[in-house]
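First the structure, in the form of C-alpha cells, and then the observations on it.
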Amino acid sequence: MRVTVKTLHPGSASRRARAVVREALQRAGVGDDDIADAEVIVAELAANAEKHARPPYELRIFRLDGVPAWCEVADGDPDLYEIGIILNLLRSVKEIGLPLLAENGRGLLLTHRLSNGHCRVHPATIFTSGTAGTPGKAVAFALPTRSGSRLTFPCLPADRSPAPEKP
C-alpha cells in the first residue's frame, strides 16, 4: 500500500482536491462518470473541512498494487462526533430525505450515496511538514476502480498508518 498526500490550502481546497482525484483516476483508467462522482465527493468533503473544521487540510489517496482505492480528506480538528452520528444514521436508514439533513450532513449524504456506503470517519494524524503530528480526523471513501467496483479498505490501527510519499 502506498499513499499520496497533498496539502489543501484554505480557499482552494475543493478545487485542488478535485484536480488531484481526477488525475489519479484518469491515470488508472476509471470511467468519466465514476470520476465525476469521486470529484463531487472529494469537493464536498474538502468544503466541509473548510467550513466546519480547522486547518491543516490534506488529501490522501491510498493505492493498493498501484490502483487508487481509497481517498481521505483530513483536517486538524479531532472531533468525530457529529460526522459519526450522521454516517451511522445514513447506514441505518434505508430512505432518508434532504429535509432531515437540511442544516448539516448533505455533503455526507452525497458521499454515502455516491460511494455506495463505502465511507467512514476516523481519527488521523496530519502528515504534512510544519504541522506533522497534529491530531485530527479523516473522512474517507472508497474510490471507483476501472471495473466500477469499490474495494473494501483494510482497517488500520491508529498507530500503524502507512508512511506517506513525498508530495
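We count residues from 1, following the sequence as given.
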So do the side chains of [X] and [Y] get within less than 4.5 Å of each other, counting heavy atoms only?
X      : Y      : value
Val139 : Asn48  : no
Arg60  : Phe127 : yes
Pro144 : Asp37  : no
Asp34  : Thr145 : no
Arg120 : Arg91  : yes
Ile61  : Val20  : yes
Met1   : Arg63  : no
Val5   : Leu59  : no

(message) For Lys137, is there an ion pair with Asp75 - N to carboxylate O distance below 4.0 angstrom?
(response) yes
(request) For Thr131 and Thr128, test the side chains for any donor-to-acceptor distance below 3.5 angstrom and give the result as yes or no. (result) yes
(message) Assess, by modelled atom type and distance only, whether the side chains of Glu72 and His122 contain a donor and an acceptor separated by less than 3.5 Å.
(response) yes
(message) Using the rule that Ile, Leu, Val, Met, Phe, Trp and Tyr join whenever any side-chain heavy atoms are under 4.5 Å apart, tell me whether Val121 and Ile126 fall into a single cluster.
(response) no
(request) Identify whether Leu64 and Phe62 are in the same connected component of the hydrophobic contact network (ILVMFWY, side-chain heavy atoms under 4.5 Å). (result) yes
